[in-house]
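Lettering follows sequence order; numbering is per chain, from 1.
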Amino acid sequence: MRFASIFVPHFAVQAALRCEPEGNANRKRPMVILDGPDSVLRVFAFNERAACRYIAVGMTRIQAEQCPGVVLCKRLVAQEQAAQFALVDCALAFSPRVESATEGAVTCEIAGTNRVFGPPKTLAQRIVQTCTEMGFEVNVAVATNPDAALVGAKGLAGITIIPSGEEQRCLSKLPIEVLSPMIDDSEILDSWGIRTCSDLVALPPIALVERLGQEGLRLHTLARGAVQRKLLTLDPPNKFEEHLELEDSVTDLESLAFLLNRLLHQVAARLTARGFATDEIRLCLDLEEHSDRDVRDEVEPRRSMKFERTLKSAVPIDDTKTLLKLLQLDLAAHNPGAPVRAITLEAMPAKRRSTQGGLFTPRAPEPASLEVTLARIRAVVGEMDEQGRHRVGAPQICDSHKPDDFQVVPFRADNGKPNPSRFSRDTGVALRIFRPPFTAKVRSNQGKPAHITFAECSAPIVCAAGPWFRSGLWWHETQCWSREDWDIAIRSKDGVGLYRIYHQGHHWFVEGLYD
Amino acid sequence: MPDTHAVHWLATTTGVDEIDRELGGVPVGAITELVAPRFVSAGQKSLQAKLLARATAERVCALVDATDFFDQKSAQAMGVDLRRLFWIRCSGREMKGLEQAFKCADLLLQASGGFGVIVVDLAGLAPRLVRKVPLTTWFRFRAVIEKQDTALIFATSYPVTSTCSELVLTLSTQDVRWSKTSDNCPTHATVFAGFEFQAEIIRKRSCKKPVQAARYSSFTNPRLA
């Protein structure tokens, strides 16, 4: 049985960096994470470059600012949670059995993956590559037990393969801190001069238990790399959410798109690692609300309000460019209307499309680009009409006797299968229906329409057929309808016009033209 | 001598036998214009529906409806597979509808491709509006559609595409049929039975000299079918 552990050094720093648009540039700079109330912010974590500038945990913000070139950043628990989920997604790309060991570390069982991913070293390289795509710089260690792998990943940079039976030798030079001892025990061991795992292993275990209790035995076994246990596997979380808080509010859509692009890349990388695409994106923006007031007044606390948009696509999409374009078009049509302080982006996972192209299959629009075209067209014609029906999509007739009762459903390029046999040579007459119907003035003679005036037409009726009475929803107080239909023909200089007209209440309407 | 009436272009059949026999259908990768006077039953919408019925049986199609006049029930009765029809309902009977229709048609052509037939229905718009469309627009459409395997059809009330279209058909009513037993038949016993229309080929670029052919076809009211 083999286990691979992924460890993210300076996890809090990397969690903050992965969503930053300038994350890669900041990675090479000393970075410090501050935590606590705004009035007493203290250093919580920092990277190696910051350690070189004599930054230490617990320093105040002012003290940290004294160090030149240091980038200060406030800790966000939501970002760390998202980063941990992302790390789990990384591991789930290689194995279904994953344990989220501690913050910034995951362990997965890789037994039986040789045929899929190759030998452990190749697998570890692929893990590093996947983690890099998600914005993490990680250490990976492979060992025969999960704890030895975790300790190895914590203490040894890069990729480490610990052969079976050589755990003790491989871990011997690691500092005692990688075993995560309790503070009291750590101080005691330090006072004894125990600095490395090999020092600890050299101590007699019974004497160690007498002095440190069971914790001492645990540390001793860990240092030898001899802990045998089963993984505490977790149910894979299906939450693909990224959060970004901004120090300075964003006021224009272009800048917002730049930030959204970063978040989308993170979400898409996680979805890809799990073999998913998305058919629904939920965007939540925290907006800053300002009100007009006298500047001499006391400083008004900043109020915030939420702006939420849900973007649904007819097909699952995993292309970030397409998703970004859809978000941009949606935000252009629905402007947040206020500066943006924080962004939360959530993607609903959906099974990827699997289509097999055929040599003789007629070409259809590419679904992802069709979604963008749909969004562009929606921006031109609008989303809905006055009746709340979509303006773009595939028509669907409702199961009702009510005239012109239809709805418009999302159009999919793969809707239905080509069926040439469906076509029949039966002829019929198409109706050109007027929405809304034209109001008409009709003069009757002996109970039948004799002359009609509507829109640009005013002509005697040369032939009329009807009436046919229709009604529906008579049990409904407000939606009940009844009408009297007529088919009429009028002659103009251009030709004959055959109309369907109806009489409802005390009014005449022209419903459509047989054309 | 080559037969100028022979079908030598890639075409989508219309589903109307007389037109298909004469032309082989409407050209693919080119503009076709169907012209019929406004507010006249000339078979323009029925011809569109037949064409879409034929085309949706094989590929997905798009309908850019400038005036939102498309009736799904009659179209479905004529065989249109509504699930495979991408319907764009523009909002307005005036210039706004025209502008929207052209923008949408442009987007469909530029971005997606892959549609078997794209019908842009401008027939509900007044000729004075359609005449305002600059000639450069039609040339642009022609240049774009030439590279695609899509039949682009404009339904208008006035011939406007000029030399940019491969085929121009002018439609007119020939006869209206009413089902009645006698001249004194009461109106409620009379039913509109259908009509015959004439399609006149005004322009066909693949022929050296202009073709003036006239063919008749009829549509029957489905109530009597």
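Looking at B/Ser172, there are no atoms closer than 4.5 Å to chain A (heavy atoms on both sides), in backbone or side chain. With a 4.5 angstrom heavy-atom cutoff, A/Pro449 does not touch chain B via any of its atoms. Neither the backbone nor the side chain of A/Arg378 comes within contact range of chain B; no heavy atom of the residue lies under 4.5 Å from a heavy atom of that chain. Heavy atoms of B/Ala75 lying under 4.5 Å from chain A are absent altogether. Of the atoms belonging to A/Cys463, heavy atoms from both backbone and side chain fall under 4.5 Å from chain B. Looking at B/Glu99, neither its backbone nor its side chain comes within 4.5 Å of chain A, counting heavy atoms on both sides. Proximity to chain B is limited to the side chain of A/Phe438, based on heavy atoms less than 4.5 angstrom apart. Within the 4.5 angstrom heavy-atom criterion, only side-chain atoms of B/Lys103, from C-beta onward, approach chain A. For B/Trp87, the parts lying near chain A are the backbone and the side chain together; criterion is any non-hydrogen pair under 4.5 Å.
For the set A/Val408, A/Leu374, A/Leu431, the entry with the most heavy-atom pairs within less than 4.5 Å of chain B is A/Leu431. For the set A/Pro395, A/Gly497, A/Gly495, A/Pro403, the count of heavy-atom pairs under 4.5 angstrom toward chain B peaks at A/Pro395. The residue among A/Arg391, A/Arg389, A/Arg491 with the most heavy atom pairs within less than 4.5 Å of chain B is A/Arg391. Contact count versus chain A (heavy atoms, under 4.5 Å) is highest, among B/Thr190, B/Asp149, B/Thr187, for B/Thr187. Here A/Val496 is the residue among A/Val496, A/Val372, A/Ile488, A/Asp404 with the most heavy-atom pairs under 4.5 Å with chain B. Note: B/Ser41 leads B/Pro37, B/Gly97, B/Ser41 in heavy-atom pairs under 4.5 Å with chain A.
By the 6.0 Å contact criterion, NE2 on A/His401 is open, its count of non-hydrogen atoms from other residues, nucleotides or ligands being 12 or less. Atom CD of A/Gln387 sits in a crowded spot, with more than 12 heavy atoms from other residues, nucleotides or ligands closer than 6.0 Å. Counting heavy-atom neighbours within 6.0 Å of A/His390 NE2, excluding the residue itself, gives a total of 12 or less. Residue A/His451 places its NE2 atom among more than 12 non-hydrogen atoms of other residues, nucleotides or ligands, all under 6.0 Å distant.
Ion pairing of A/Asp485 with A/Arg500 is absent here, as no side-chain N (NZ or NE/NH1/NH2) approaches a carboxylate O to less than 4.0 Å. Ion pairing between a basic and an acidic side chain is recognised when a charged N comes within 4.0 Å of a carboxylate O; A/Arg435 and A/Asp385 show no such pairing. A salt bridge does not link B/Asp71 with B/Lys73: every distance from a Lys NZ or Arg NE/NH1/NH2 to an Asp or Glu carboxylate oxygen is 4.0 Å or more.
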Give the intermediate values and the outcome of ring-ring contact (aromatic ring centres under 6.0 Å, His included) for residues A/Phe454 and A/Phe509. CA-CA 9 Å; A/Phe454 71 96; A/Phe509 299 94; over 10 Å; no
Show your reasoning for whether ring-ring contact (aromatic ring centres under 6.0 Å, His included) applies to B/Phe102 and B/Trp138. CA-CA 10 Å; B/Phe102 273 86; B/Trp138 303 114; 5.3 Å; yes
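A distance of 9.0 Å separates CD of A/Gln396 from CG of B/Leu82, quoted to the nearest 0.5 Å. Separation of atoms CG (B/Leu171) and CZ (B/Phe197) is listed at 6.0 Å; rounding is to 0.5 Å.
Residues of residues 121-134 of chain B lying under 4.5 angstrom from chain A, judged on non-hydrogen atoms, are B/Asp121, B/Ala123, B/Gly124 in numerical order.
A cation-pi geometry, defined here as NZ or CZ lying under 6.0 Å from the six-membered ring centre and within 45° of its normal, does not hold between A/Arg432 and B/Phe69.
Of the listed residues (A/Arg352, A/Lys351, A/Arg353), just one forms a salt bridge (charged side-chain N to carboxylate O under 4.0 Å, His left out) with A/Asp318, and that residue is A/Arg352.
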